[in-house]
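Just follow the structure's listing: the first ligand is 1, and inside any ligand the first atom is 1. Note that these values count all heavy atoms, side chains included, but never hydrogens, waters or copies made by symmetry.
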Amino acid sequence: MTKTRRNFIKTAGLGAIGATLIGCSEEITDGVIQAHVIGPKPSDSTLPKIISTWSHGYSANAEAVKKLKNGGTILDAVEAGVKDSESDPENQSVGLGGLPDRDGHVTLDACIMDHNSKCGAVSFLQHIENPIAVARKVMEETPHVMLSGKGALEFALDNGFEKTNLLTAKSKTAWEEWKLKSEYQPIINRENHDTIGMLGIDSEGRLAGACTTSGLAYKMHGRVGDSPIIGAGLFIDGDVGAACATGVGEAVIRISGSAIVVELMRSGATPEEACKEAVERIMRKHEDLTGMQVGFLALDKFGNSGGYSIYAGFNYAEATLDRNEMVSANYFKEW
Ligand code: SD4
């Protein structure tokens, strides 16, 4: 029961964004203060809307929209969307066909989250083509948020997922060539950044998101990046919006990237401003940014979207029920 309500306007300092005028209302519901961001006003409220990272997001969006048109929920849609990338053997940074770690093992990370902060994740999972579907099962059928490694695989097999050889001939050849000159350094460059993060909002404003990857190519065996970590690779707060990350996971984890983007939106930043501020925070924390690409994507609870990256080249696909197009994100640096 709502007991009192007060409205106020305040000026919030947002670091590089500067002072932004935002409006907030607070309600006290059964003794708990609920803050609702009421600005910035929506500029594009064509819902439902799906956004996803990189050019493979285009066909992933099409799958997500198909799912919605067939009566699926927004959570069903983001799961179906990123599965499209996971199952594409040509995509060498997600699921089947992903580039292996330095010892030749394809190890996968994924997570999924809904409007009500329910979430599930798998990390260091091998032999399963669609880790996002396993992450969803973790969310819906266990009391946990994340299963990892052997335990995640056992859980997947127990739930009817089949073991698959994820190392395609093309990725095996690439790994063998890398071994000749690599000196066992993981490769961090623009070609290896293709994780898919997808954020969606339905016509009633409910949010969902998914993130899935084979991680950095030729990483150390056992390495887990940001993509399965709620708050780093993906974060949703149904009162505010959603965010996901792509790029060098270690840098994203260091600032709790996606959670920060959502919190910046809660403080009044637009999706693009929030992504830009998070990217800038990463840049401030690293002396050497050589090859360190990171991009964030955000969607607020009204359906406004935006992205930002350290280096040029980060793009994302944006779809509504009747439109799907690529958008180039703004960035700080040329390569
Ligand atoms: C990782 N963030 O494992 C992932 C890799 C990635 O675009 O996003 N590449 O660190």
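Proximity of Ser93 to ligand 1 is not established, as no heavy-atom distance is less than 4.0 Å. Residue contacts with ligand 1 include Arg223, since one or more of its heavy atoms lies under 4.0 Å from the ligand.
A salt bridge links Lys150 with Glu154: the closest approach of a Lys/Arg side-chain nitrogen to an acidic carboxylate oxygen falls below 4.0 angstrom. Electrostatic pairing of Asp322 and Lys69 does not count as a salt bridge here, judged by no charged N lying under 4.0 Å from a carboxylate O. Contact check on Lys170 versus Glu90 returns a salt bridge, with a Lys/Arg side-chain nitrogen under 4.0 Å from an Asp/Glu carboxylate oxygen.
Using a 4.0 Å cut-off to heavy atoms of Ser227, the atoms of ligand 1 that qualify are 2 (N), 4 (C). Of all atoms in ligand 1, numbered sequentially from 1 with element shown, those under 4.0 Å from a heavy atom of Gly215 are 3 (O). With ligand atoms numbered from 1 in the order given, ligand 1 contributes 1 (C), 2 (N), 4 (C), 10 (O) to contacts under 4.0 Å with heavy atoms of Asp226. Listed by number with element, the atoms of ligand 1 under 4.0 angstrom from any heavy atom of Leu216 are 3 (O).
Thr195 places a side-chain heavy atom less than 4.5 Å from the side chain of Cys211. Counting heavy atoms from C-beta on, the side chains of Lys172 and Thr168 never come closer than 4.5 Å.
In terms of N/O distances under 3.5 Å, ligand 1 is approached by Thr195. The shortest N/O to N/O separation between Gly247 and ligand 1 falls below 3.5 Å. Polar contact check, Asp109 against ligand 1: no nitrogen or oxygen pair lies under 3.5 Å apart. Checked against a 3.5 angstrom limit, the closest N/O atoms of Gly249 and ligand 1 fall inside it. The shortest N or O to N or O distance between Thr213 and ligand 1 is not below 3.5 Å.
Taking the six-membered ring where the residue is Trp, His221 and Phe124 present perpendicular rings, their angle passing 60° and hence far from 30°.
The six-membered or imidazole ring of Phe314 lies away from that of Tyr308, with a centre-to-centre distance of 6.0 Å or more.
Considering Val252, Thr246, Ile253 only, the shortest heavy-atom separation from atom 7 (O) of ligand 1 involves Thr246.
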Inset, instruction - Go through the steps to decide whether Glu263 and Arg266 satisfy the test salt bridge (charged side-chain N to carboxylate O under 4.0 Å, His left out), and finish with yes or no. - result: CA-CA 5 Å; Glu263 289 311 302; Arg266 192 194 306 276; 2.8 Å; yes

